Structures are given as C-alpha cells and as structure tokens.
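Input: a single structure, listed below in structure tokens.
Positions are given from 1, in the same order as the sequence printed here. Just so we're clear, the structure is a prediction, and the values are computed from it rather than from any experiment.
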Amino acid sequence: MNNQTRTRTLVVNALVAALYIVLSVVPGVFNLASGAIQFRISEALNHLVAFNRKYLFGVVIGVVIYNALFSPMGWLDVLFGGGQSLIGLGLVAALGQKLTKVWQRQLLTVSTMSLTMFLIWIEIVLTGHMAWFGGASMLTLGELILSELVIMVISWPVMYLIDKAVHFSKRVQ
C-alpha cells in the first residue's frame, strides 16, 4: 500500500469516526444512545465493514470517542462498548472474507453485532447491581439484543443502497 492510499484510508476512517459521533449525539439527546435500550443511528455504520474491513478502525474509534465524551458510564463504556465493537466487527472482518456476497456479510454483521450486545449487558449488570440471571437482567439482555437488531436490520437496505451510489469498498482500497 503506498502513502497516498494509506493517507486516504486514514482520512476516510477519521471521517467515519466523526460521522459515528455526530449520528450518536442525536439519539443521545433523547437518552437513546446508552443504557438498556440503545437506538444509535450510528450503528448503521457497522455495515461498512461488510463492504471493506478497513472501515473497522473508523467505526471502533467513533464508538470509543463517543463513549468517552458522552456516555454516563464513562471509561466503563469505553472499555465495554469499544470492546464489543472491536470483537463484533473483528469477527465480521475475519469471517466475512469467506463470504462472497455482500448480503451474506451484512447478515453476518447484523447477527454478530446483535449477539455481542451481551458484553454491554455484562457492563449493565456489573454497574446496576442486578442478579446475573434474574428476570430484570434477562429482560435487559433481550432489550439490548433487540434494540441492536432493529437498528441493524433497518439500516441494512439503506447502507446497501447507499453503497450502490458511493461504492464503499473503493473508498478505502
């Protein structure tokens, strides 16, 4: 990879991180970006990794910066939220290479990001003094997985259609 390509990839990922932060602030105003029910519009950007794994760092850095600046959980959300994104998108980047169709990689993204929300559940249980497997705890886990699933499923066709015009994979070659 030459210097121009590296610079372009770095700049595009910085823009993705900035976009993640901006798209998280809006639901954050309505207290929907943190806690047991999370509807971060910015989570749509997770789909970028289905188009090109080089987007992984831009999305993860956006999560980390947003959580560091705006999350009521502070450094714990940086650790758990950033970790959840890194693990989930890392799996998409690694396993997605074996999938030939974009819809397959997007399905992998939806599944992986929804299921790894159990890490956010662990954070909430640890800080909320909940019983690990009580009714409220299981409800919280279900809400987390469902809220991520909803935003990922809604954003799936949107990101697919945007890609048809923008060609995400070519932006970070």
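- The nearest pair of heavy atoms linking V125 to S137 is CG2-OG, 3.5 Å.
- In this structure, I124 and T140 approach most closely via the heavy-atom pair CG2-CG2, 4.0 Å.
- Using cut-offs of 30° and 60° for the angle between ring planes, the H47 and W156 rings count as tilted.
- Scanning all heavy atoms of the two residues, the minimum distance from A50 to T109 falls at CB-OG1, 3.7 Å.
- Residue M113 holds its CE atom at 4.5 Å from OG of S85, rounded to the nearest 0.5 Å.
- Connection of L48 to L10 is not established within any shared hydrophobic cluster, with ILVMFWY side chains joined at heavy-atom distances below 4.5 Å, either directly or through further cluster members.
- Inspection of the S114 and E148 side chains reveals no N or O donor paired with an N or O acceptor under 3.5 Å.
- When all heavy atoms are compared, the tightest approach of Q84 to L119 is CA-CD1, 3.8 Å.
- Contact annotation: the side chain of L141 approaches that of F118 to within less than 4.5 Å [non-hydrogen atoms, C-beta and beyond].
- The aromatic rings of Y66 and Y20 stand perpendicular to each other, their planes meeting at an angle above 60°, with 30° marking the opposite boundary.
- The number of heavy atoms from other shown groups lying within 6.0 Å of CH2 (W132) is above 12.
- Chaining together hydrophobic side chains whose heavy atoms lie under 4.5 Å apart places L15 alongside V11.
- In this structure, L95 CG and R105 CZ are separated by 12.5 Å, a value rounded to the nearest 0.5 Å.
- Grouping the Ile, Leu, Val, Met, Phe, Trp and Tyr side chains by contacts below 4.5 angstrom, directly or via other members, places V166 with Y160.
- Listed here is the closest heavy atom pair of F80 and I120: O-CD1, 3.7 Å.
- In plain terms, the two heavy atoms of V12 and R171 that are nearest each other are CG2-O, 3.7 Å.
- Between the CE atom in M159 and the CD1 atom in I154 there is a gap of 14.0 Å [rounded to 0.5 Å].
- Ring geometry for W121 versus F133: interplanar angle of 30 to 60°, hence tilted.
- In terms of modelled atom types and a separation under 3.5 Å, the side chain of S155 and the main chain of M152 share a donor-acceptor contact.
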Would you please test L86 and L56 for side-chain contact (heavy atoms from CB on, under 4.5 Å) and show each step?
CA-CA 8 Å; L86 183 60; L56 184 145; 3.8 Å; yes

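- With a 4.5 Å cut-off on side-chain heavy atoms, F51 and H167 do not count as touching.
- The closest side-chain heavy-atom distance from F57 to V16 is not below 4.5 Å.
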